[in-house]
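Read through the structure below, which is laid out as structure tokens, and then see the notes.
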Amino acid sequence: AAKAAGKSAYRTCTPGLRESAVSRAELIADLRRAVDEEELHLEFQPIVDLASGAVRSAEALVRWRHPRLGTLPPAKFLPLAEETGLIIPIDRWVIHEACRAAATWRSRAPEATVAVNIAAAHLRRPDLIATVTAATASAGLAPRALTLELTESALIEGTDAVLERLHQLRELGIQIAIDDFGTGYSSLSYLHRIPATELKIDRSFVARLGTDDRAYATVEMVTRLAGAFDLAVIAEGVETERQHEAVTAIGCPRGQGYLYGRPDSPATVGQNRA
Ligand code: C2E
Ligand code: MG
Ligand code: MG
Ligand code: MG
């Protein structure tokens, strides 16, 4: 028995595991400094009017220039940020930076808007309102030029306090998008309750356009639903001409995806794709 216990104890301390435990602790310490050390930056991905090709909006996507590991995508550090609560200062920084960027775009394209992603934990905090108000005010950005992107799971977890907060944000003029729409627990009653202004059709449906009739029907249905609810709608993850033609034929008014532009500098906002 002693031998067996020794063996399993050894197994839980294999070099690989010990290494990843250390690097995880290091990564947390590094992440704690990342905001102060100005290691985060934003890339902006254009959101395109499909009829005209005009770029009137962009989504802010955070990246981390890690001093040793290079540039990390959100999937590499946001889960850790969420576990440790560091997501709150990160999201705050993102909101401020995105508002500042959008204010400069609007000097040449007065209708330009910006979208930022908001973590579920942030939505549960009453100070989200103060953060958003401070960010728009200090950037001199009209609140209606800012869209908060929320996932269905963040919304579904939402208490009455969250719902009240969403209404307060709407009263301030902030736009509310439901991100990755169709991947969570979308139900019609929930769409009646949430004061959303926009649906973003998840890219998993867009990716299957042209090869899967049910994906086509889903994109068509969500586009119609958005129209009936008077919501804006964006097809996410458009990568090919074929997908572009399908979303255009369906009548989806706006799109986002590698076909129109990768996440990059904000230079394209206010310009035409063609
Ligand atoms: P999301 O909000 O759904 O953002 C869209 C993601 O899809 C981005 O990945 C974008 O680069 C990627 N994408 C855009 N077009 C295409 C395409 O045509 N094909 C494919 N395959 N992918 C495409 P990214 O930047 O890695 O971000 C991943 C997720 O991380 C975001 O998903 C969002 O949920 C989260 N995120 C990003 N930035 C922030 C942030 O500042 N705060 C918070 N809380 N979450 C963020
Ligand atoms: Mg998003
Ligand atoms: Mg999305
Ligand atoms: Mg996503």
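Everything quoted here is computed from the prediction, not taken from an experiment. As a basis for the values below, the full set of heavy atoms in this structure was taken, side chains included, without hydrogen atoms, waters or symmetry mates.
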Donor-acceptor pair, distance only, cut-off 3.5 Å: does the side chain of [X] make one with the backbone of [Y]?
X	Y	answer
Arg165	Arg124	yes
Thr136	Ala142	no
Gln175	Ala145	no
Arg125	Ala121	no
Asp212	Arg214	yes

Checking side chain to side chain contact (heavy atoms under 4.5 Å, CB included) between [X] and each of [options], which is the one that passes?
X	options	value
Glu236	Asp179, Ile201, Ile47	Asp179
Arg92	Val35, Ile87, Asp127	Asp127
Trp105	Val55, Leu141, Val269	Val269

Going by heavy atoms in the side chains, are [X] and [Y] under 4.5 Å from each other?
X	Y	answer
Tyr260	Val238	yes
Lys76	Trp64	no
Arg24	Ile28	yes
Val62	Leu42	yes

Would you say [X] and [Y] are hydrophobically clustered, going by side-chain heavy atoms of ILVMFWY under 4.5 Å?
X	Y	result
Met221	Ile250	yes
Leu80	Leu69	yes
Leu199	Ile234	no

Rounded to the nearest 0.5 Å, how far apart are [atom1] of [X] and [atom2] of [Y]?
X	Y	atom1	atom2	answer
Arg68	Asp30	CZ	CG	5.0 Å
Thr71	Leu40	OG1	CG	11.0 Å
Leu191	Glu152	CG	CD	8.0 Å
Arg254	Lys200	CZ	NZ	8.5 Å
Arg242	Glu245	CZ	CD	9.5 Å
Leu146	Leu172	CG	CG	10.5 Å

> Between the side chains of Gln256 and Glu59, does any donor sit under 3.5 Å from an acceptor?
Replying inline: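 Gln256 vs Glu59: donor-acceptor pair found between side chains.
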
>> Using side-chain contact (heavy atoms from CB on, under 4.5 Å), reason through Leu259 and Gln243 one step at a time and then give a plain yes or no.
In response: CA-CA 9 Å; Leu259 182 69; Gln243 290 160 3; over 6 Å; no

>> The test is side-chain contact (heavy atoms from CB on, under 4.5 Å); show your working for Ile118 and Val94 and say whether it passes.
In response: CA-CA 9 Å; Ile118 300 295; Val94 170; over 6 Å; no

Closest approach of [X] to [Y] (non-hydrogen atoms, all atoms of both residues):
X	Y	answer
Leu61	Pro263	CD1-CG, 3.8 Å
Ala196	Leu231	O-CD2, 3.0 Å
Val116	Ala98	CG1-CB, 3.4 Å
Val114	Ser57	N-OG, 4.1 Å
Gly237	Arg203	CA-CB, 3.6 Å
Leu209	Tyr216	CD2-CA, 3.5 Å

> With the threshold set at 4.0 Å, does a side-chain nitrogen-carboxylate oxygen contact exist between Arg262 and Asp264?
Replying inline: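 The answer is no: the pair does not qualify as a salt bridge.
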
>> Heavy-atom count check: over 12 atoms from other residues, nucleotides or ligands less than 6.0 Å from Glu111 CD?
In response: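 12 or below, so no.
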
>> salt bridge (Lys or Arg N to Asp or Glu O under 4.0 Å) for Glu97 and Arg100? Distances and angles first, verdict last.
In response: CA-CA 5 Å; Glu97 284 298 302; Arg100 278 186 11 183; 3.8 Å; yes

